[in-house]
Amino acid sequence: MDSTQISRFSLFITVFSCILAFSFGDNSSSTDAHWLLRIKSKLVDPAGVLESWSLRAHICSWNGLTCSHDEAFVIALNLSASTLSGSIPTELWNLVSLQTLDLSLNLITGSIPPEIGRLRNLRTLILFANNLSGKIPTEIGLLKKLQVLRIGDNMLAAQIPPSIGNLTELRVLGLAYCQLNGSIPAEMGNLKNLVFLDLQHNSLSGFIPAEIHNCEELQNFAASNNMLDGEIPASIGKLKSLQILNLANNSLSGSIPPEISGLSNLQYLNLLGNRLNGEIPWELNHLVQLQKLDLSSNNLSGTINLLNIHLQNLQVVVFSNNALTGSIPSNFCLKNSNLQQLFLAQNKLSGGFPLGLLNCSSLQQLDLSNNNLEGELPPTIDKLEKLTDLLLNNNSFNGSLPPEIGNMSNLENLYLFDNMITGSIPVEIGKLQSLSTIYLYDNQMSGSIPMELTNCASLTAIDFFGNHFSGSIPETIGKLKDLVLLQLRQNDLSGPIPPSLGYCKKLQQLALADNKLSGSLPATFRFLSQLSTITLYNNSFEGPLPDSLYSLRNLKIINFSHNKFSGTILPLTGSNSLTALDLTNNSFSGSIPSRLAISTNLGRLRLANNLLNGSIPSELGRLKELIFLDLSFNNLTGEVPSQLSTCQKLQHLLLNDNHFTGKMPSWLGSLHDLGELHLSSNNFQGQVPAELGNCSRLLKLSLHTNNLSGQIPHEIGQLTSLNVLNLQRNNLSGSIPPTIQQCKKLYELRLSENLLSGPIPSEIGKLTELQVILDLSRNLLSGEIPSSLGDLLKLERLNLSFNRLGGELPSSLGQLTSLVMLNLSNNHLRGQLSSTFSGFPPTSFSGNDKLCGPPLTSCMESAGHENNILSSTAVVCIIVAIVFTSTVICLVMIYIMLRMWCNMREVLISNSSEGGGNGIEQIKREDQERWMYGDEKKRKGEYWRVMSSLALVPSQNHNDHISSSCIFQVKMDTKKLGI
């Protein structure tokens with residue numbers, strides 16, 4: 001190839017290279033366009049903010065981009081609040097000329113990549129208010145030119161990297177509202193140009209580094225709502241440029257360093273919600289630029305020594321919830337004071353109303369509540385003419401309300417509740433046209449509610465609860481068109497509800513309970529369409545409910561209990577928003593309307609002590625939110641519907657004192673949240689369902705006065721939370737299950753008037769919480785009283801009467817020093833009573849014949865009496881035996897003598913008739929008589945003399961002799977006598 005051809009080829013190569021270089025190699029904006037289009041493809045852009053990013057348009061016209069002056073480079077990318085989502089594209093790190101990157105207020109996720117350190121020209125990095133997570137990369141410390149770093153309001157966690165201390169040009173650092181933990185790195189002290197430091201709402205802990213004082217340009221330091229502890233470093237007082245210091249809601253302790261007074265430019269100081277103690281340093285009076293000071297919710301003590309004479313720019317002072325004592329200085333305020341808000345609530349301030357505050361003519365809000373202030377309110381209180389909120393509640397102010405309060409024309413909220421204010425409401429109160437809230441509850445005020453109060457047309461809330469107001473509710477109450485709350489409970493108001501109340505159409509809460517109101521409900525109630533709560537209990541309202549109540553569809557809470565309402569409850573079933581309905585102790589009649597089931601949010605239904613009849617509607621099973629169902633003391637009949645088993649949130653089921661029949665439902669065991677079950681005084685039959693043992697949260701089980709039979713189920717022992725068990729007055733039989741020992745929280749156990757048999761289980765002694773009563777009386781219990789009952793040290797009443805208990809009284813019962821009632825009567829107990837029982841009446845032990853000792857007769861007297869009884873018995877027996885034996889012997893002797901006498905008479909008569917031998921025979925008879933009776937005749941004396949005289953009386957003739965001799969009319973057989 002010759003030189004000419006070589007020259008032409010070289011020229012071609014050169015030109016081609018220049019074209020390539022111009023087209024691709026040196027065109028930086030074209031390169032940025034390439035990467036930006038890649039970035040666009042990685043982001044989700046529902047709002048179309050990136051639609052202008054196209055090669056059809058020049059890159060510098062693309063939305064959100066800023067180019068350099070020569071349009072050679074992209075130096076700023078601002079896509080803030082563009083609803084972009086996705087992660088930060090890796091292609092972004094190729095835009096090395098970027099000085100500003102703002103992707104804030106989007107939905108970007110993922111982490112901040114460490115490659116961000118490649119953007120060495122970056123001066124502003126704003127990524128706040130996204131969903132970024134992970135940790136802050138240490139590579140961020142490579143951005144040496146960075147002046148603004150705002151990456152807060154994300155889900156960033158882990159520690160703040162110490163490498164942030166390398167950003168010496170940084171002026172704004174915003175890391176708030178993340179999940180950062182660990183301590184504030186001491187390297188923060190290297191940021192000498194830092195003006196704004198926001199670390200609030202993280203989980204930072206540890207001390208505030210003393211090195212922070214090196215940030216001499218710092219104007220705003222906010223580290224509130226973290227877990228910082230330790231003391232506030234005194235070196236913080238060297239931050240001469242500081243205007244805002246917010247360390248609220250941490251765990252800082254110790255005293256407030258007086259060195260803070262060196263912050264001569266400080267305008268806002270917030271240290272609330274820490275553990276600071278000691279006194280408020282007097283040096284704070286040097287903060288002459290201070291406008292807002294909040295030291296509330298600490299443990300500060302001592303007196304208030306801040307004076308407005310120094311702090312003339314002070315607008316807000318909040319010292320609430322500390323332990324400050326003493327009174328407010330009389331020179332606290334100047335007449336030209338700028339103080340607008342003063343909050344000193346929940347301290348221990350004492351004395352009267354601080355008259356020095358009356359000089360704070362600019363004061364708009366004053367809160368002295370929850371202190372120990374006393375005395376009367378000054379009549380000059382109207383000097384606070386700009387006051388909008390006056391909170392003096394929970395003190396001991398007394399006296400009456402000064403009429404001058406009516407001159408405070410800007411007053412909007414008046415809180416004087418829980419004091420000892422007396423007297424009546426001054427009629428001047430009606431001049432307060434701006435008054436929105438008046439709370440006078442829990443005082444001792446009296447008199448009538450002035451009609452002038454209804455001139456306060458801006459009133460939204462009236463609360464006079466717990467006073468002694470009398471008279472009637474003002475007839476003109478309906479003028480208060482904006483009234484939302486009317487609370488007049490616990491007063492002495494009388495008369496009917498004024499019909500004009502129905503024109504308070506914004507009324508949401510009406511509480512007139514515990515008064516002496518009467519009459520019927522006005523028909524104008526139908527206009528109270530926003531009413532959500534109405535409580536009228538403990539009054540004397542009467543008559544049927546107006547049908548207009550049916551239109552109140554927003555009612556949530558109704559309590560008409562303890563009145564004289566009658567008729568049906570149907571008018572109250574129009575709201576499907578009901579959460580509580582209480583109509584107890586009225587005279588409502590008819591059946592329970594099934595329409596109640598539309599109130600699917602109903603949690604409390606109480607209809608007790610009425611005249612309701614019929615059965616429980618099965619539709620009530622739709623009330624899935626029902627917690628409390630009380631239908632007791634009515635005339636309800638039938639069986640309990642099984643649909644109630646779907647009310648799984650039931651905690652209280654009271655159906656007692658009705659006429660329910662059938663078996664006690666076993667599905668009750670599926671109500672696992674049940675805490676109170678009261679089915680007593682009905683006609684339930686069958687056994688106590690063992691399934692009740694599944695109701696592990698049951699506190700009270702009362703099934704008394706039914707016709708239940710069978711044994712007490714062993715599963716009763718599974719009710720380990722049970723406090724009260726009452727099964728008395730049934731027909732239960734068998735033994736008391738020993739598993740009852742597992743009910744260790746029982747303090748009342750009643751099983752009386754059943755047919756229970758067997759011994760008292762010793763396991764009952766393990767129920768050491770028994771206190772109210774243990775009643776096992778009127779059963780068939782036998783055996784001895786277990787000594788373990790002596791372990792029931794809290795027991796106050798023990799009744800084991802009318803059983804078959806025997807044996808001696810265990811000495812351990814003497815340990816029951818809490819007993820006030822003891823009844824062991826009508827058993828078979830024996831032995832001597834301990835002296836500890838001497839204080840009980842004899843009736844406690846009567847019917848136990850072998851029991852002795854005080855208060856019964858002494859055991860010696862009892863033994864003597866027993867011996868006397870035995871001796872008398874023996875004597876009687878002996879006497880009876882002697883008399884009987886003697887009688888028998890006498891009769892036998894008489895019989896023998898008569899027969900012999902009769903025989904002898906016959907012989908004598910026979911001899912006489914033969915005419916001889918009378919003398920000899922007479923002698924023989926006398927010898928025979930002496931031989932037969934001998935000395936006995938002499939011992940018996942008169943008896944035998946009588947008999948002998950009778951025997952020797954001569955008869956005039958034979959026939960008369962026979963008839964008079966044979967006294968017993970016995971016919972003599974001579975052959976048997978051998979004659």
Side-chain angles (χ1 to χ4, degrees), residues 184 197 199-200 204-213 215 218-329 332 339 341-349 367 371:
I184 301 173
L197 176 58
L199 305 176
Q200 58 189 343
L204 298 172
S205 58
F207 298 166
I208 299 173
E211 291 82 357
I212 200 76
H213 76 272
C215 304
L218 197 60
Q219 297 179 13
N220 187 331
F221 179 26
S224 62
N225 295 92
N226 279 284
M227 296 184 289
L228 299 173
D229 53 20
E231 297 185 355
I232 300 173
S235 60
I236 208 166
K238 297 179 180 180
L239 300 174
K240 303 297 183 182
S241 300
L242 200 62
Q243 298 177 12
I244 297 175
L245 177 58
N246 186 357
L247 303 177
N249 294 318
N250 280 285
S251 298
L252 298 171
S253 58
S255 58
I256 300 173
E259 289 81 0
I260 283 185
S261 61
L263 304 176
S264 56
N265 290 304
L266 198 63
Q267 300 176 17
Y268 178 93
L269 176 58
N270 190 348
L271 303 178
L272 81 88
N274 281 284
R275 300 175 183 174
L276 300 171
N277 53 39
E279 297 187 358
I280 301 172
W282 186 89
E283 288 81 359
L284 293 187
N285 284 300
H286 297 316
L287 301 177
V288 294
Q289 300 297 325
L290 199 60
Q291 298 177 14
K292 297 182 180 180
L293 174 61
D294 192 343
L295 306 179
S296 60
S297 299
N298 280 284
N299 298 317
L300 299 172
S301 58
T303 59
I304 298 173
N305 51 21
L306 296 183
L307 302 176
N308 192 237
I309 190 172
H310 302 292
L311 305 175
Q312 297 184 13
N313 292 309
L314 204 57
Q315 298 176 10
V316 178
V317 174
V318 186
F319 291 166
S320 301
N321 199 17
N322 278 288
L324 299 174
T325 57
S327 58
I328 300 172
F332 183 81
L339 192 62
Q341 297 174 317
L342 178 60
F343 299 101
L344 303 177
Q346 291 184 317
N347 278 285
K348 298 178 181 179
L349 299 174
D367 186 356
N371 278 287

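The figures that follow rest on heavy atoms only: side chains count, while hydrogens, waters and symmetry mates do not.
Remark: Val318 pairs with Asp294, Ser296, Val316, Ser320, Phe343 by the side-chain contact (heavy atoms from CB on, under 4.5 Å) rule, at least two apart or across chains. By the ring pair (Phe, Tyr, Trp, His ring centres under 6.0 Å) test, His213 pairs with no residue at all, sequence neighbours left out. Taking the side-chain contact (heavy atoms from CB on, under 4.5 Å) definition, one finds that Asn371 meets it with Asn347, Leu349, Leu373, Asn395, sequence neighbours left out.
Here CG of Leu290 is found 10.0 Å from CD of Gln315. Values are rounded to the nearest 0.5 Å. To the nearest 0.5 Å, atom OG1 of residue Thr325 and atom CG of residue Asn322 are 11.0 Å apart. Atom CG of Leu272 is separated from atom CG of Asn321 by 10.0 Å, given to the nearest 0.5 angstrom. Remark: Leu314 CG to Gln341 CD distance equals 10.5 Å, nearest 0.5 Å. Atom CG of Leu311 sits about 5.0 Å away from atom CG of Asn285, to the nearest 0.5 Å. Taking CG of Leu197 as the start and CD1 of Ile244 as the end, the distance is 12.0 Å to the nearest 0.5 Å.
Leu239 is not listed as a side-chain neighbour of Leu245, based on a closest heavy-atom distance of 4.5 Å or more. Side-chain contact between Leu247 and Phe221: present, with at least one pair of heavy atoms (C-beta onward) separated by less than 4.5 Å. At least one side-chain heavy atom of Leu306 sits under 4.5 Å from a side-chain heavy atom of Leu293. Between Ile208 and Leu228, some side-chain heavy-atom pair lies under the 4.5 Å cut-off. Residues Leu276 and Leu300 are in side-chain contact: their nearest non-hydrogen atoms beyond the backbone lie under 4.5 Å apart. A 4.5 Å side-chain heavy-atom check between Val317 and Phe319 finds at least one atom pair inside the cut-off. Using a 4.5 Å heavy-atom threshold, the side chains of Asp367 and Leu342 count as separate.
Listed by first and then second residue, the side-chain hydrogen bond (donor to acceptor under 3.5 Å, both in side chains) pairs that reach into residues 220-230 are Gln200-Ser224, His201-Asn225, sequence neighbours excluded. The side-chain hydrogen bond (donor to acceptor under 3.5 Å, both in side chains) analysis of residues 250-279, with sequence neighbours excluded, yields the pairs Tyr268-Asn270. For residues 238-248, no pair satisfies side-chain hydrogen bond (donor to acceptor under 3.5 Å, both in side chains), with sequence neighbours left out.
The two residues Val288 and Asn313 come nearest to each other via the heavy atoms O-ND2, 2.8 Å. Listed here is the closest heavy atom pair of Pro258 and Pro281: CA-CB, 4.5 Å. For Pro257 against Pro233, the heavy-atom pair with the smallest separation is CG-O, 4.5 Å. Residues Asn305 and Ile280 share a closest heavy-atom pair of ND2-O, 3.2 Å. In terms of heavy-atom proximity, Leu344 sits nearest to Ile328 at CD1-CD1, 3.2 Å.
Proximity of a side-chain donor or acceptor of Asn299 to a complementary backbone N or O of Ala323 within less than 3.5 Å is not detected.
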